[in-house]
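Order of appearance sets the numbers: ligands from 1, and atoms from 1 within every ligand.
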Amino acid sequence: MAVTTSPFVRDLMADLKAKNPAEPEFHQAVQEVVESLDLVLERRPEYRSARIIERMVEPERVLMFRVPWQDDQGRVHINRGFRIEMNSAIGPYKGGLRFHASVNLGILKFLAFEQVLKNSLTTLPMGGGKGGSDFDPKGKSDNEVMRFCQSFMIELCHHIGPTTDVPAGDIGVGGREIGFLFGQYKRLRNEFTGVLTGKGLNWGGSLIRLEATGYGAVYFASEMLGTRNQTLEGKVCLVSGSGNVAQYTVEKLLQLGAKVVTLSDSNGYILDEAGVTAEKLHFVMDLKNVRRGRIKEYADKFKGVVYTPGDPKLDYNPLWTHKAQCAFPCATQNEIGVKDAANLVKNGVYVVSEGANMPTVLDGVRQFLDAKILFGPAKAANAGGVATSGLEMSQNSMRLSWTREEVDDRLHKIMKAIHRNCRETADAFGTPGNYVNGANIAGFLKVADAMMDQGLV
Ligand code: NDP
């Protein structure tokens with residue numbers, strides 16, 4: 001698709017790239033958003049004179065710090081810790097922590113930027129942030145992970161707090177890591193507060209938080225299908241990843257009568273033509289969350305399953321070449337390349353709901369929009385996770401816990417509201433059915449108006 005960008009977008013992107021070199025993911029995330037915002041600036045020139053977009057792409061604060069720790073053999077390791085406090089116009093900074101060897105400043109800035117707009121869409125009062133470390137928990141003992149988390153929190157604790165900045169989990173940061181981080185914060189600050197979300201259920205966590213991102217991505221897909229009077233029942237679905245988001249995407253898809261035929265991790269993927277069942281999903285949860293094994297073991301355990309190891313020489317991912325109606329990318333950024341997007345469309349996929357953050361490259365997004373498939377971009381489709389973190393914060397402040405049904409019902413209503421808002425906004429700006437424009441513009445407007453109200457800060 002030929003993209004026409006205005007001189008404003010071209011100049012803004014040129015400045016951004018000059019000022020933030022070697023941060024391709026950050027450039028990509030901003031490019032996608034500002035292309036949508038061209039439509040807004042025509043109608044609201046006051047945002048341009050107040051330089052709202054230029055302010056939004058500059059983090060309010062960036063923290064970068066040394067995290068030294070010792071392994072079980074007493075060897076010293078040094079990792080780098082980060083927290084990007086991106087925007088606090090509509091509430092305290094909120095966003096996950098990622099522990100993965102690939103983490104760097106540019107990746108966290110893209111995630112923090114996306115988070116600002118996503119949090120705005122949730123209807124809850126949360127600003128945007130993101131953080132993490134290039135520490136990789138894979139292959140580390142529980143004690144090593146604990147020592148790392150404690151060292152990380154010694155610095156982070158100076159910058160976060162229940163009304164300042166409330167981190168959560170992301171890739172490599174699950175219940176175990178949140179527990180260690182929370183314990184150390186409590187010890188250092190001598191206060192028991194809702195400073196992190198994703199907490200254990202008997203120490204301040206919310207029911208459904210674990211499930212929320214995956215469930216939300218499926219609710220969003222259901223809403224999109226509803227616009228064509230269809231449901232997920234009987235639909236064949238490709239899911240990537242096998243972590244938190246993938247697991248609960250599969251659980252909700254099974255509850256709604258869909259058939260899931262793929263799962264993956266960073267080593268390869270499995271194709272299970274018979275379909276993942278509740279029993280097989282239970283095996284995956286134990287494999288990934290308790291035994292911390294590889295998805296290959298799924299093919300060793302169940303008959304008729306084919307495992308394909310990843311091949312770095314390929315310029316496409318064979319996971320996305322199978323016939324299906326729906327795709328749920330739930331692993332990581334840019335996992336759907338240009339060829340993958342073409343393969344998906346060619347093979348009949350007409351619903352893509354992004355569980356992971358920015359899993360589709362920009363030209364892949366453009367192909368989905370050209371093909372007029374139902375494409376739910378991450379900042380809308382996976383907003384259920386942070387929305388339920390917002391519900392966890394509310395319960396912590398009120399010192400009470402809602403039931404599973406109550407939280408799930410609120411999550412479901414929030415996902416419907418996000419869907420409606422994206423759809424109506426896309427209509428209002430003359431691009432019906434374009435959820436990318438809908439999400440970018442609706443998320444932006446609320447933050448931009450708050451920034452206008454609050455003056456030049
Ligand atoms: P997990 O760590 O639980 O799982 C990540 C999964 O993705 C694992 O299966 C992992 O495989 C795989 N993966 C990670 N990196 C790569 C890679 N480079 N190539 C291939 N596979 C990879 O993380 P989550 O499920 O929490 O997060 C998944 C995605 O969802 C991320 O994009 C995250 O930002 C996004 N997200 C998460 C939210 C949450 O609430 N947790 C909220 C909103 C978005 P392996 O085991 O080999 O590492």
Within the protein, residues bringing a heavy atom under 4.0 Å of ligand 1, chain by chain: R98, H100, K138, D170, I171, G172, R209, T213, G241, S242, G243, N244, V245, S264, D265, S266, K288, R294, C330, A331, T332, G355, A356, N357, N382
Between K138, K296, K288, which is the residue that forms a side-chain hydrogen bond (donor to acceptor under 3.5 Å, both in side chains) with D265? K288
Measure across F180 and M146 and return the closest heavy-atom pair with its distance rounded to 0.1 Å. CD1-CA, 3.5 Å
Who are the side-chain contact (heavy atoms from CB on, under 4.5 Å) partners of T164, not counting sequence neighbours? none
Taking only residues two or more places apart in sequence or in another chain, which ones pass side-chain hydrogen bond (donor to acceptor under 3.5 Å, both in side chains) with D142? R176
Are the charged groups of R209 and E392 less than 4.0 angstrom apart, N to O? no
Could you work out, with salt bridge (charged side-chain N to carboxylate O under 4.0 Å, His left out) as the rule, every residue matching K346, not counting sequence neighbours? none
